[in-house]
Amino acid sequence: MLKNYLLVAYRNLVRHKGFSFLNIAGLALGLTACLLIGLFVHDELQFDKFLPGGERVYRVYTEHTGKDALETYSSVSPMFAPTLRQEFPEVEQTMRILMRASTSLLEVGDKKIYVEDGLYVDSTFFGVFPLAFKYGSAAGALDAPTSIVLTENLAKRFFGDGNPVGRELKVDKSSFLVTGVLRSGLSKFHLNVNYLVPLAAAQIPPARMKAWGWNQFFTYAKLKPGTDVRQTEAKLQAYINEKVKPTMVGEELNDKPFLQPLHDVHLYSAAFKFDLSVRGNITYVKALSFIAAFILLIAGFNFVNLATAKSMQRAREVGIRKTLGASRQQLMGQFLSETVLLTLVSVVLAVVLTALLLPSLNEFTGKDMAFDLLRNPELLGLLAVLTVVVGLVAGFYPALVLSGFQPVKVLKSAVVTDGIFGRVQWLRHGLIVVQFALSVFLIICAIVVFRQVSYLHDKDLGFNRDQIMFFPMRGQNMSQHYETFKNELAQVPGVASVSIGYGFPGDQVAGDGLIVPTDGEKKEYGVTQLMVDYDYIRTLGLELVAGRDFSKERKTDKDQAFILNETAVREFGFGAPDQALGKTVQWEVWNDKNPDSLKTGKVIGVVRDFHYKSLYDKLEPAVLQIFPGAYWKVAVKLKGDNLSSSVDGVKQVWGRFSPESPIEYRFLDQNFDDMYKAEDKLKSLLWIFTGIAIFVGCLGLFGLATYAAERRKKEIGIRKVLGASVATIVGLLSKEFLVLVLVAALIAFPAAWLAMSRWLQDFAYRIDMPLWAFLAAGLTAAAVAFITVGYQAVRAATANPVNNLRAN
Amino acid sequence: MIEIENLEKIYRTDEVQTKALNNVTLRVAEGEFVAIMGPSGCGKSTLLNILGLLDEPDGGRFAFAGTEVAQTSERRRAELRKKHIGFVFQSFNLIEELTVAENVELPLIYLGVGAAERKQKVEQVLEKMQIMHRRNHFPQQLSGGQQQRVAVARAVVNSPRLILADEPTGNLDSSNGNEVMELLTELNEGGTTIIMVTHSEHDARYAHRVIRLLDGQVVLENLTQAFSA
Ligand SMILES: Nc1ncnc2c1ncn2[C@@H]1O[C@H](COP(=O)(O)OP(=O)(O)OP(=O)(O)O)[C@@H](O)[C@H]1O
Ligand SMILES: [Mg+2]
């Protein structure tokens with residue numbers, strides 16, 4: 001019996017290739033999207049779950065009442081850990097990690113590598129996070145102040161595959177001895193880590209470690225089994241209020257502590273400040289889960305739609321089978337096995353697609369998710385259940401309708417209609433409207449985001465960011481002889497100019513006050529301080545709109561000259577740029593020994609506004625001045641051709657000044673492009689989702705159009721016999737669907753307008769809402785719908801009417 | 001075999017009521033070959049569908065092989081149908097996705113006959129209908145006469161006691177039509193009861209008896225010339 005079912009199912013599948021393809025492709029695509037999202041969501045939920053005893057680990061965070069608002073700090077005072085351990089008997093262990101500047105120079109012999117994510121930790125680290133070791137063991141691994149534990153990856157880079165335990169390694173010139181190597185596979189650990197050293201190595205003065213106001217440590221507590229964490233949390237808050245706050249002198253403590261479960265750290269810390277952990281966002285995880293469910297629903301709906309439409313053509317077959325003695329159950333069995341077969345093919349296809357797409361998703365998300373069915377029987381089981389459930393659910397309706405046909409009726413006429421089908425028309429139409437509204441919405445978003453992203457990347461920033469090599473100076477020798485260093489760089493063939501300073505576009509900039517004395521009154525403005533040299537303006541290609549550049553020839557330029565940007569001129573009320581020249585401004589010099597010393601000077605020039613920050617931020621008043629005390633970063637402008645030899649030349653000069661540390665350079669335009677990574681990702685995501693949405697929407701429409709054409713076969717035949725042209729009939733059939741698309745557009749337009757206005761709001765510099773995007777999206781949807789429906793309509797209209805009219 | 005008394009069938013559409021069968025009383029004995037004739041729309045197909053348990057009467061009595069079936073459940077009727085009745089239609093009604101052999105096999109599958117026995121029976125009947133060589137063809141690849149032979153083969157494969165044929169030669173030329181009539185006669189001689197609807201006086205002559213319908217009523221029952229002579 002089953003064999004016969006499957007045989008007929010197979011023949012049907014092959015006979016109606018186009019239809020089968022559409023139905024399978026639609027479901028496969030939907031399932032693929034669900035699988036990929038599912039893998040991502042699953043991975044996000046898996047963070048830190050691999051750690052034994054992790055359910056008893058909590059992270060201390062505080063709510064800090066600052067000047068403006070309540071902020072959540074993930075790094076807290078070093079005192080929380082000892083307090084928790086000493087005053088709270090339910091605390092089994094505590095552990096702190098120092099938050100610090102990220103990059104250090106690691107050296108083994110001649111090999112020098114800048115490495116990020118080195119953690120300074122309490123020796124209890126492995127008690128709280130029992131990570132697996134490849135070499136060495138957790139016991140005592142962090143006891144000696146000079147011990148260092150590496151990750152497998154980092155160990156490989158320095159020592160190859162051998163066991164490096166006992167070998168020496170220098171971190172920022174201090175010596176450490178390797179005590180262990182962690183096994184790889186830390187992708188679901190909430191901390192990025194390359195190596196671990198004991199907190200003692202940071203040599204923090206003991207007095208500082210007692211400061212309640214120094215929020216510099218990630219602090220974890222492992223509670224004894226059976227502890228009620230809410231109680232501990234309340235006790236901790238009370239302790240801070242009663243015991244700690246009264247002892248504070250000279251400063252105020254505005255922190256209220258909380259305990260966050262380790263398993264929540266990854267997903268529930270999106271709004272935390274100073275958080276170094278690998279953070280996801282529960283909102284995205286929820287939204288994605290919802291989207292996945294929605295996709296599955298739509299795909300399933302389309303599947304049912306197509307299958308039902310198709311089944312209308314098989315009414316006759318049902319009639320024959322019933323006449324021959326098939327029971328209703330047997331017929332249901334047959335149609336269900338057909339949908340299950342279709343689903344099975346779709347699932348297999350989805351699995352293949354998922355496996356093919358996973359590497360891209362991994363690259364996109366920076367994860368290393370695996371999709372290994374053989375080694376994951378649960379996943380395999382899930383897919384099997386999914387196949388059966390989707391197949392049964394999707395096949396149930398057509399099976400029910402079909403098996404209910406009266407053989408006498410269906411054998412009599414070529415065309416069949418059924419009651420239920422007509423009655424759920426509004427639901428079918430409603431879902432089509434939803435799908436198309438989604439398509440239109442996404443098309444608009446894709447266009448707007450694409451335009452804004454292009455704008456971000458291409459906008460004239462007011463300076464020339466091309467071919468500028470950019471790096472920080474390293475080592476005493478280089479900083480002390482920065483002038484000679486700069487001269488030698490300038491001599492390298494292919495170098496156009498060199499500027500050393502602090503405050504380059506795309507890099508950190510300092511904000512500080514600037515005093516503008518007007519009418520005997522001193523007014524202070526918050527401005528951006530760009531500490532520059534005599535070649536800054538030339539190197540970046542800034543445009544002077546008034547006055548002149550700094551000049552080495554004029555002795556006073558070093559200590560008594562300032563250059564403003566246009567915004568500063570405007571904000572200080574100087575009038576036109578020309579009028580600003582010669583105005584006096586003052587600045588409190590950065591000087592530890594003499595904090596009150598004032599630098600007084602005149603405005604000698606005004607530069608056209610340029611965007612030294614991302615376009616998220618509004619331009620602020622900026623001041624350029626010569627201040628060697630802050631010099632740190634180097635920008636080298638290269639000439640057009642043969643970049644690599646120029647870069648090599650720069651490296652050689654670097655080697656003469658700072659042989660002990662390798663150069664670590666980037667190009668300035670890279671910095672800018674990196675600012676918009678999130679937008680770039682959003683852009684590609686939107687294109688993908690738009691494509692899927694359109695395809696899926698078309699499938700739904702196609703099913704509906706097929707059904708309509710089938711239902712009206714006889715009517716069309718008669719109309720044709722009476723003389724209707726193909727065009728008239730196509731128009732007749734297409735009209736009602738174009739109305740659906742129109743309704744969809746009317747829903748999508750305001751939604752897209754709102755969403756995109758809000759999104760654009762985040763950018764201080766943005767495009768105007770492109771109205772043509774709405775028109776384009778509407779027309780695209782209408783065109784796509786017309787093609788989809790038109791295909792069916794033309795087929796129906798060109799069919800030989802005799803075939804459809806022949807009775808019995 | 002069949003006893004019908006005062007049978008009624010009324011079709012109701014939104015506005016009109018059509019009395020398709022009106023007080024039809026009829027007996028068909030085991031082993032008979034009966035032809036039903038009458039003008040178009042007189043209720044022949046309606047009667048045949050009720051006799052074949054495909055449709056329910058609205059009134060009257062109907063005993064099939066001694067069992068009262070006028071009001072039985074769809075399930076029970078399907079049961080009787082697949083065990084005892086074979087159908088032959090004017091338009092063949094073969095399933096296009098199945099081969100000749102698979103079409104013929106279908107009633108046996110629904111009867112729950114085992115695979116080996118099915119194979120044997122199918123071959124037997126195909127042999128008998130002389131379409132064995134076409135067993136793996138699909139219906140579209142056959143001529144009308146061949147298709148109707150397959151339909152007959154399918155109708156008889158489970159050795160039903162009754163065969164109902166609705167204009168079995170209606171779509172065939174005369175030589176193919178005669179062939180089908182010969183087949184039916186042969187089956188009848190083997191003991192199968194046959195009730196056939198036809199418009200053709202020529203075909204009706206193969207039957208023992210002709211029942212004439214007009215406007216849903218039996219107007220005449222007579223033996224055919226072949227038997228009256
Ligand atoms: N499903 C139906 N709904 C309404 N009326 C019907 C239906 N089927 C048949 N009728 C009507 O019942 C009457 C008998 O129809 P039936 O099909 O039995 O005629 P017939 O004798 O087989 O005609 P023909 O020789 O043309 O096949 C006709 O008047 C027809 O219009
Ligand atoms: Mg008829």
Side-chain angles (χ1 to χ4, degrees), chain A residues 1-17 19-20 310-311 313-335 337-338 341 402-414 417 419 422 802-808, chain B residues 9 11 20 40 45-46 48-50 52-56 73-99 102-115 118 138-140 151 154-155 157-158 160 164 166-167 170-171:
Chain A
M1 185 71 76
L2 193 65
K3 193 178 139 230
N4 184 267
Y5 288 169
L6 291 177
L7 184 74
V8 176
Y10 171 74
R11 295 249 177 84
N12 260 311
L13 208 144
V14 176
R15 221 167 113 88
H16 308 281
K17 283 191 195 72
F19 166 80
S20 309
K310 196 70 204 165
S311 64
Q313 297 172 352
R314 297 177 59 187
R316 189 178 201 88
E317 180 193 331
V318 172
I320 300 170
R321 285 179 184 273
K322 278 203 153 179
T323 310
L324 294 178
S327 66
R328 185 159 193 179
Q329 287 83 339
Q330 284 170 325
L331 285 171
M332 295 216 23
Q334 175 181 347
F335 286 110
S337 41
E338 287 187 19
L341 182 75
L402 273 174
S403 62
F405 283 148
Q406 294 280 304
V408 183
K409 282 186 191 146
V410 294
L411 285 181
K412 193 162 164 179
S413 70
T417 51
V802 176
N803 291 336
N804 297 332
L805 288 178
R806 201 174 57 194
N808 228 29
Chain B
K9 178 70 187 179
Y11 288 113
S40 189
S45 298
T46 306
L48 206 67
N49 287 338
I50 292 176
L53 302 172
L54 289 170
D55 212 351
E56 279 176 288
S73 69
E74 159 69 28
R75 185 186 291 264
R76 174 87 185 108
R77 284 190 284 133
E79 200 60 34
L80 285 170
R81 194 160 67 215
K82 71 178 170 189
K83 276 206 190 108
H84 302 302
I85 309 176
F87 291 89
V88 179
F89 300 93
Q90 175 183 354
S91 50
F92 323 137
N93 278 336
L94 298 174
I95 293 177
E96 293 174 18
E97 280 80 12
L98 299 180
T99 63
E102 286 158 1
N103 260 292
V104 174
E105 190 184 12
L106 218 46
L108 297 175
I109 291 179
Y110 290 132
L111 268 177
V113 176
R118 286 207 305 263
F138 287 91
Q140 311 88 282
R154 190 177 62 182
V157 69
N158 56 339
L164 298 171
D166 197 345
E167 299 181 43
N171 280 357

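Side-chain atoms are counted along with the backbone in the values below, which use heavy atoms only and exclude waters and symmetry mates. All chains are named by letter (A, B, ...) in the order of the sequence lines, taking the proteins before the strands, and each is independently numbered beginning at 1.
- Heavy-atom distances place no part of B/Ile85 under 4.5 Å from chain A, backbone and side chain included.
- Using a 4.5 Å heavy-atom cutoff, the side chains of A/Glu317 and B/Leu98 are not in contact.
- Neither the backbone nor the side chain of B/Phe92 comes within contact range of chain A; no heavy atom of the residue lies under 4.5 Å from a heavy atom of that chain.
- Nearest heavy-atom pair, B/Phe87 versus A/Thr323, reported as atom, atom and distance to 0.1 Å: CD1-CG2, 3.2 Å.
- The side-chain contact (heavy atoms from CB on, under 4.5 Å) check on B/Ser40 picks up nothing, with sequence neighbours excluded.
- With sequence neighbours excluded, the residues forming a side-chain contact (heavy atoms from CB on, under 4.5 Å) with B/Leu111 are B/Lys82, B/Lys83, B/Val113, B/Asn158, listed by chain and number.
- For the pair A/Ile320/B/Arg154, a side-chain contact is recorded, criterion being any heavy-atom separation below 4.5 Å from C-beta on.
- Shortest non-hydrogen contact noted between B/Tyr110 and A/Ala326 is CZ-CB, 3.3 Å.
- Contact annotation for A/Arg321: both backbone and side-chain heavy atoms come within less than 4.5 Å of a heavy atom of chain B.
- For a residue to count as touching a neighbouring chain, one of its non-hydrogen atoms must lie under 4.5 Å from one of that chain's; by this rule B/Glu102 touches chain A with the side chain only.
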